[in-house]
Amino acid sequence: MNPFLRSYQFLRKTPRIVRHLKRNLTYVLNDENYWDEYSRTWTADTPQGKLQYLGNEWKNEETFLALLAKYAGKELTALEIGCGGGRITAHAAQQFHHVHAADISGKMLARCRLAVPGAKVSFHKIDGFNLSGLADSSFDVVFSHDVFVHFSSLQVYPQLREIRRVLKPGGVALISFLDYNRGFEDFKRSSLQYWSRRWFPPHMRLHFITAEMLTRMADDLGLRIREMSQEKYLIVVFGR
């Protein structure tokens with residue numbers, strides 16, 4: 001082929017290539033960038049009043065907090081995955097001997113440290129893939145609310161494997177998910193919205209999962225499901 005023609009054809013494709021790269025980079029960038037920016041631009045002032053913690057704008061944590069209190073204990077050590085601005089951490093700090101708050105966002109950790117001060121809470125930066133740096137069998141309780149809603153089932157399985165690793169024998173993990181069956185109308189609305197735009201879901205997209213899928217994962221990993229709640233969220237209590 002004539003080199004000038006080849007160059008011309010490449011230049012014609014360049015805008016499409018750039019768009020493709022830009023679109024797919026949103027799936028490659030570490031979530032840290034997303035949550036750092038969210039933390040940077042967040043404000044406590046809303047039309048409904050002033051919020052105490054970053055994350056208070058998201059609701060329906062009452063059932064999760066009630067379950068967390070059920071499994072808490074003043075002699076127990078807990079790990080929170082995705083502490084964010086500290087809205088759940090603040091409650092946990094009053095219920096456990098010590099809470100290790102982990103997040104992928106340095107700015108979120110800084111907000112949480114300011115919001116939940118004191119010697120009963122330690123802070124850990126994680127990469128969103130594993131819990132490296134946290135020792136095997138070191139926590140009585142692992143909990144995470146409104147975080148796994150951003151994970152596809154392909155991400156949930158290795159996360160549960162890591163949770164099993166850091167849990168002490170006899171320990172429990174409380175995780176909230178979006179329930180595919182109870183939340184089907186939300187799932188359908190989001191699905192059709194992306195389809196109508198001819199666009200893949202954004203970087204921090206929502207993911208839905210079923211109790212059956214989680215049961216199968218738990219069985220494979222040697223985790224026992226102690227109880228489930230299917231009110232606002234699908235909240236699963238895994239036992240090791």
Side-chain angles (χ1 to χ4, degrees), residues 19-20 22-35 37-39 41-42 46 48 54-68 80-85 87-88 103-105 108 128-129 142-164 173-221 223-238:
R19 287 196 301 271
H20 177 78
K22 182 178 179 181
R23 182 183 305 176
N24 284 281
L25 274 173
T26 62
Y27 289 87
V28 175
L29 289 174
N30 191 298
D31 292 349
E32 177 183 1
N33 300 325
Y34 179 93
W35 291 114
E37 180 63 15
Y38 181 86
S39 176
T41 58
W42 184 84
T46 72
Q48 292 74 37
L54 182 153
N56 278 148
E57 64 271 29
W58 301 312
K59 308 299 181 183
N60 304 314
E61 68 266 23
E62 294 81 10
T63 302
F64 185 87
L65 290 175
L67 273 173
L68 185 63
E80 180 180 13
I81 299 176
C83 63
R87 64 171 173 145
I88 306 298
D103 206 284
I104 59 172
S105 166
M108 286 288 200
F129 290 92
V142 175
F143 64 94
S144 184
H145 178 59
D146 216 5
V147 174
F148 279 60
V149 300
H150 298 298
F151 295 166
S152 78
S153 56
L154 296 176
Q155 295 169 284
V156 169
Y157 180 87
Q159 292 284 343
L160 290 180
R161 186 174 67 170
E162 276 289 272
I163 287 171
R164 185 190 184 282
L174 296 83
I175 313 293
S176 64
F177 304 87
L178 288 180
D179 190 334
Y180 172 80
N181 290 314
R182 290 184 62 85
F184 181 75
E185 290 303 317
D186 290 332
F187 166 84
K188 182 173 69 174
R189 182 169 56 252
S190 297
S191 174
L192 293 177
Q193 181 183 66
Y194 295 130
W195 174 81
S196 66
R197 294 176 180 176
R198 296 296 191 270
W199 197 256
F200 289 118
H203 179 50
M204 292 310 300
R205 55 212 178 278
L206 296 180
H207 286 284
F208 295 78
I209 200 165
T210 67
E212 292 77 13
M213 293 171 70
L214 292 168
T215 300
R216 179 66 182 272
M217 292 182 199
D219 288 344
D220 187 73
L221 291 167
L223 292 168
R224 179 171 58 91
I225 293 182
R226 297 180 60 161
E227 64 177 296
M228 285 188 186
S229 170
Q230 293 177 285
E231 293 183 24
K232 300 295 184 180
Y233 289 85
L234 171 57
I235 305 172
V236 184
V237 181
F238 301 92

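Below, all heavy atoms of this structure are taken into account, side chains as well, without hydrogens, waters or symmetry copies. For reference, positions follow the sequence shown, starting with 1. The structure displayed is predicted, hence computed values, not measured ones.
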Distance in Å, Thr63 OG1 paired with Leu68 CG, rounded so as to fall on 0.5 Å steps:
12.5 Å
Okay, side chain of Ser190, backbone of Phe187: is any donor-acceptor separation there less than 3.5 Å?
no
Give the intermediate values and the outcome of side-chain contact (heavy atoms from CB on, under 4.5 Å) for residues His150 and Leu206.
CA-CA 5 Å; His150 298 298; Leu206 296 180; 4.1 Å; yes
Grab the two heavy atoms, one from Gly85 and one from Met108, that are nearest each other, plus how far apart they are.
N-SD, 4.1 Å
Sidechain-backbone polar pair: Gln159 side chain, Gly128 backbone, donor-acceptor under 3.5 Å
yes
Is the shortest side-chain heavy-atom distance between Met217 and Val236 below 4.5 Å?
no
Supply the atom-to-atom distance Arg226 CZ to Leu67 CG, rounded to the nearest 0.5 angstrom.
11.5 Å
Closest approach of Asn60 and Tyr233, non-hydrogen atoms and distance?
O-CE1, 3.5 Å
Under 3.5 Å donor-acceptor, Ser39 side chain and Trp35 backbone
no
Non-hydrogen atoms of Ser105 and Glu32 that approach each other most closely:
CA-CG, 4.1 Å
On a heavy-atom basis, the closest approach of Leu214 and Phe238 is O-CE2, 4.3 Å
Is there a side-chain contact (heavy atoms from CB on, under 4.5 Å) between Ile163 and Leu223? Walk through the geometry before answering.
CA-CA 10 Å; Ile163 287 171; Leu223 292 168; 5.8 Å; no
Donor-acceptor pair, Ser176 side chain versus Asp146 backbone, under 3.5 Å?
yes
First locate atom NE2 of His145, then atom CD1 of Ile88, and finally report the distance between them rounded to the nearest 0.5 Å.
5.0 Å
Do the numbers put Arg198 on top of the ring of Trp195, so that NZ or CZ is under 6.0 Å from the six-membered ring centre and no more than 45° off the axis?
yes
Say you draw a straight line from CG of Asp179 to OG1 of Thr210; how long is it, rounded to the nearest 0.5 Å?
8.0 Å
Please check: side-chain N/O of Glu162 versus main-chain N/O of Leu160, any donor-acceptor pairing under 3.5 Å?
no
In terms of heavy-atom contacts, Lys59 and Asn56 come closest through NZ-O, 3.0 Å
Rounded to the nearest 0.5 Å, how far does CD1 of Ile81 lie from CD1 of Ile104?
12.0 Å
To the nearest 0.5 Å, tell me how far Tyr157 OH sits from Met213 CE.
13.0 Å
For the residue pair Leu178 and Val149, establish whether any side-chain heavy-atom pair is separated by less than 4.5 Å.
yes
Have His207 and Ser152 got a donor and an acceptor in their side chains that come within less than 3.5 Å?
no
Taking NZ, NE, NH1 and NH2 as the nitrogens, is one of them in Arg189 or Asp186 under 4.0 Å from a carboxylate oxygen of the other?
yes
Specify the closest pair of heavy atoms between Val147 and Gly82, including all atoms of both residues, with the distance to one decimal.
CG2-O, 3.6 Å
Keeping the roles fixed (side chain from Arg87, backbone from Trp58), state whether a donor-acceptor pair exists under 3.5 Å.
yes
For the residue pair Tyr38 and Tyr34, categorise the inter-ring angle as parallel (less than 30°), tilted (30 to 60°) or perpendicular (more than 60°).
parallel
